Amino acid sequence: MYCPKCLTEYREGFSECADCHVPLAAGAPPAEADDFDPSIELVVVLESNEAIQVGMAKGLLEDAGIPYYILGKITRLVNDVDPFLNKWVKLQVPRDREAEALEALQPVLHPETCAPLTDEDAGVTP
């Protein structure tokens, strides 16, 4: 028995997922698909040694639903130990999503061209 929503396994005798509150399905949960596709060609959309810039870029790509890979993750660990080393990382996306990623990353890549936030954008009520 397993939950078809969260894929949590249950032993016999249970009929509903304790977390999702949906009826359980018989059998074992399906095997998780491996998201890695070695044939995907990745392109670099951002090179940076600034943790804040990389973090903002990751957030923008996640919000846009664009998958990404960070080349040089191990260097981030070195930076955490000694932040004065300023190691560079490369943020990569699939080639077929490059244009979409570059558009989503405009606030990070070219902050000077973005309009400043207004009180309305910031959620402030006048």
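The structure presented is a predicted model; accordingly, all values stated were derived computationally and were not measured.
The side-chain contact (heavy atoms from CB on, under 4.5 Å) with Val45 is formed by just one residue from the set Leu109, Val93, Ile66, Val108; it is Val93.
Considering CG of Leu71 and CD of Glu47, their distance stands at 9.0 Å, rounded to 0.5 Å. From Leu105, atom CG reaches atom CG of Leu91 across 6.5 Å, with rounding to the nearest 0.5 Å. Here the straight-line distance linking atom NZ of Lys90 with atom CG of Leu46 works out to 11.5 Å at 0.5 Å rounding. With values rounded to the nearest 0.5 angstrom, Leu102 atom CG is found 12.5 Å from Arg97 atom CZ. Atom OG1 of Thr8 is separated from atom OH of Tyr2 by 12.0 Å, given to the nearest 0.5 angstrom. Atom-to-atom distance recorded for Glu98:CD and Gln92:CD is 11.0 Å, nearest 0.5 angstrom.
In this structure, Ser15 and Pro23 have side chains that are not in contact, with every pair of non-hydrogen atoms separated by 4.5 Å or more. By the 4.5 Å heavy-atom criterion applied to side chains, Glu9 and Pro29 are counted as neighbours.
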Step by step, would you call His21 with Glu16 a side-chain contact (heavy atoms from CB on, under 4.5 Å)?
CA-CA 6 Å; His21 305 289; Glu16 182 180 279; 3.5 Å; yes

side-chain contact (heavy atoms from CB on, under 4.5 Å) assessment of Cys3 paired with Val22
CA-CA 7 Å; Cys3 174; Val22 297; 3.6 Å; yes

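The two residues Ser48 and Glu50 make their nearest non-hydrogen contact at OG-N, 2.9 Å. Summarising the geometry of Ala64 relative to Glu100, their closest heavy-atom pair is O-OE2, 4.0 Å, with the distance given to 0.1 Å. Taking both residues in full, the closest heavy atoms of Pro4 and Ala25 are given as CD-N, 4.1 Å, listed atom of the first, atom of the second, then distance. Across all non-hydrogen atoms, the minimal contact from Pro107 to Ala104 is CD-O, 3.4 Å. Nearest heavy atoms, Gly65 versus Pro67: O-CD, 3.6 Å. The minimum heavy-atom distance between Glu62 and Tyr68, with the atom names listed, is OE2-OH, 2.6 Å.
By the rule that hydrophobic residues join a cluster once side-chain heavy atoms approach within less than 4.5 Å of another member, Val43 and Val54 end up as members of one cluster.
At most 12 heavy atoms of other shown residues, nucleotides or ligands fall within 6.0 angstrom of atom CD in Glu103.
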